[in-house]
Structure formats: C-alpha cells, structure tokens
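Below: the structure, in structure tokens.
A note on names: the letters A, B, ... follow the listed sequences, proteins ahead of strands, and every chain is numbered from 1. Atom set for the values below is all heavy atoms of this structure, side chains included, hydrogens, waters and symmetry mates excluded.
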Number of protein chains: 2
Amino acid sequence: MAFRHPDRDQIRIEDVLSALGNGVRLAVARVLDAGGEHNCTSVLNTLGITAKSTMTHHWRVLRDSGVIWQRPSGRENLLVLRREDLDARYPGLLDAILSGARADEALEHGDRPA
Amino acid sequence: MAFRHPDRDQIRIEDVLSALGNGVRLAVARVLDAGGEHNCTSVLNTLGITAKSTMTHHWRVLRDSGVIWQRPSGRENLLVLRREDLDARYPGLLDAILSGARADEALEHGDRPA
DNA sequence: CCCACTGTACCGCGATTGTCGAACAAAGGG
DNA sequence: CCCTTTGTTCGACAATCGCGGTACAGTGGG
C-alpha cells in the first residue's frame with residue numbers, strides 16, 4: 001500500500017487550513033509535533049477512542065493536504081508531520097497554528113490569560 | 001441590525017482555520033488586509049460576481065469565527081479584519097496565512113519559486 | 001414620499017463532511 | 001500455518017456546506 005502525497009509545490013494553504021480546521025486533525029498535528037514515532041493506533045489512543053475507519057478518513061485528509069507523511073512499515077503506518085515542507089512553503093504558519101492550539105486549550109481549561 | 005461578534009477570548013483557532021480554509025473567504029481576507037474601507041459589494045466585485053446571499057453566508061462565517069468585524073454604517077456594512085485580536089491571540093498566524101496565500105497565487109500563475 | 005440601493009432572511013438544492021460498522025487485506029508471531 | 005494485529009475499503013447515514021433565487025428591510029437621495 002503506497003500512499004499518494006502531494007509534492008511540496010502542490011501543497012495549497014487553503015487545503016492545509018481546512019485540514020487543520022477540525023478538532024481531531026488539529027489534535028493529531030499536535031501529537032505528531034510532540035515528537036516520537038507514531039503509528040495510527042498510538043495517535044488514536046491519545047485522542048480517545050474513535051473508530052479506526054474514522055481515523056483512516058482523517059489520515060487521508062491530512063495526507064492529501066500535505067500536512068503529514070504516512071509511510072507503511074511492517075504492518076503499521078508511521079505518521080510524521082511534514083514540517084520541513086510546510087515551513088518552506090509557509091514560514092511560521094505551523095508554529096503559529098500549533099502554539100495557537102495550545103493557547104486555546106489553556107483558555108478552555110479555565111486558565112485566565114495573562 | 002446589530003451583528004454578534006465573538007469576544008477576543010472566545011475566538012478559537014479551529015474556527016479561524018476552517019473559516020479561512022475556503023478560497024472565497026481567504027480571498028476576502030486578502031482584500032480586507034490590502035487596506036481601505038470596504039463594504040460588501042466592493043469586496044464582492046473584487047472577487048468576481050457571486051450572489052449576494054452567498055456572500056452574506058460567508059460574512060457570517062467570517063464574523064462568527066472572529067476573523068472580521070462587520071459594522072452597519074448607513075445603508076452599507078463596513079468590513080474590517082480583526083487583525084489586533086487575531087494577532088493578540090495567535091501571533092504570526094494571520095501574516096503567515098496571508099503571505100502563504102500570496103505565495104500560492106504566485107505559484108499558480110506559473111511563476112517558479114526562487 | 002417614493003424609489004433605488006445595499007444587504008439580510010429564508011428556502012431549497014446538490015455535494016461534501018464526519019462518523020460508524022462490517023468486511024477485507026497484509027504482515028508477523030506463536 | 002493459523003491467528004492476531006493493524007489499518008484500509010466500502011457502504012450507510014445525518015449534518016453541514018456552498019451556492020443561488022426570491023422576498024423582504026432599512027437607508028438615503030431625488
């Protein structure tokens with residue numbers, strides 16, 4: 001099973017934004033950004049249980065928009081953020097989004113802003 | 001007609017991203033960012049003709065997500081980017097998105113990247 | 001005062017999205 | 001070898017989206 005990923009030049013910011021404009025996928029990006037090797041179920045567990053087929057759908061959206069690499073390895077798929085490509089195409093975007101997501105989470109957990 | 005806008009603290013990055021993860025609304029943001037006072041039809045004309053009711057829908061999405069202010073003035077509505085609030089909540093996000101959109105446009109017009 | 005202008009409200013339509021369950025496929029481990 | 005693990009594919013479903021048309025509402029100009 002080989003996945004189709006867009007080339008760096010084929011990435012469109014519109015697709016990136018709509019891919020990450022979804023709580024589940026934004027959370028996935030944050031997990032992947034935290035580092036380490038991840039397969040599908042490890043991310044899935046971090047997010048609370050969801051059907052596997054639902055996640056397969058989200059992987060496809062993230063893949064097609066150019067946000068992640070998805071590489072088969074043994075009987076798993078390894079998931080990695082395409083940070084280099086995103087940073088090259090859209091400097092500062094990924095960092096702004098990820099730290100923005102952290103800020104939102106802090107707000108919702110009742111922490112008052114400074 | 002008074003519009004409901006979210007407070008700065010109620011803005012969620014997920015909503016901002018999905019609002020701008022759409023070609024028309026991203027284009028609207030770029031027009032507003034270019035400066036000047038804008039009413040609905042002036043933006044609408046810049047984008048090529050679309051039904052007024054369609055744009056009303058997009059204004060609502062942009063408003064509800066906290067991306068724009070929409071203020072009635074006479075028989076028009078003035079549209080303004082909420083740059084201060086967005087920059088405060090998500091430093092660098094708006095600039096990254098807008099310059100990313102410009103970069104995409106350049107790519108699609110056949111200009112090769114440097 | 002009436003009309004032209006600007007934009008909203010409401011409705012309907014087809015397409016897409018997010019979610020799930022069930023069946024399938026590939027890879028390893030015993 | 002078989003069975004478990006991992007994830008995909010397919011089909012279904014409700015909900016939302018994007019878009020337009022028509023009707024309405026408020027403002028301001030003549």
Output the single nucleotide from [options] whose closest atom is nearest the side chain of [X].
| X | options | result |
| --- | --- | --- |
| N77(A) | dT8(D), dC20(C), dG18(C) | dT8(D) |
| R75(B) | dA4(C), dG18(D), dG7(D) | dA4(C) |
| T54(A) | dT19(C), dT8(C), dG21(C) | dT19(C) |

Distance check needed: [N] [atom2] versus [X] [atom1], whole Å only.
| X | N | atom1 | atom2 | result |
| --- | --- | --- | --- | --- |
| K52(B) | dT22(D) | NZ | P | 12 Å |
| H57(B) | dT16(D) | NE2 | P | 13 Å |
| L20(B) | dC17(D) | CG | P | 15 Å |
| E14(A) | dT16(C) | CD | P | 14 Å |
| N22(B) | dC17(D) | CG | C1' | 9 Å |
| L62(B) | dC17(D) | CG | C1' | 14 Å |
| E76(B) | dC5(C) | CD | C1' | 9 Å |
| F3(A) | dA25(C) | CZ | P | 16 Å |

>> With a cut-off of less than 4.0 Å, is there a side-chain N or O of R60(B) near OP1 or OP2 of dA9(C)?
In response: yes

>> Whether Q70(B) contacts dG7(C) is assessed here as follows: a side-chain N or O lying under 4.0 Å from the phosphate OP1 or OP2. Is that the case?
In response: no

> Would the number of heavy atoms belonging to other residues, nucleotides or ligands and lying under 6.0 Å from CZ of R8(B) be above 12?
Replying inline: yes

>> Students often get this wrong, so: under 4.0 angstrom with heavy atoms, is T41(A) touching a base, only sugar-phosphate, or nothing?
In response: sugar-phosphate

>> For N39(A), run the side chain to side chain donor-acceptor pair (under 3.5 Å) check against R75(A), E76(A), Q70(A) and tell me which one passes.
In response: E76(A)

>> Determine whether a donor-acceptor pair (one donor, one acceptor, N or O, separation below 3.5 Å) exists between the side chain of S53(B) and the base of dG21(D).
In response: yes

> Taking all non-hydrogen atoms of both residues, which atom of R63(A) and which atom of P6(A) are closest, and how far apart?
Replying inline: O-CD, 3.2 Å

> So, are R60(A) and D64(A) salt-bridged, with charged N and O less than 4.0 Å apart?
Replying inline: no

> Closest nucleotide of DNA chain C for A51(A) versus for G74(A): which of these residues is on the 5' side?
Replying inline: A51(A)

>> Return the CG to CG distance between D95(A) and L93(B), rounded to the nearest 0.5 Å.
In response: 11.0 Å

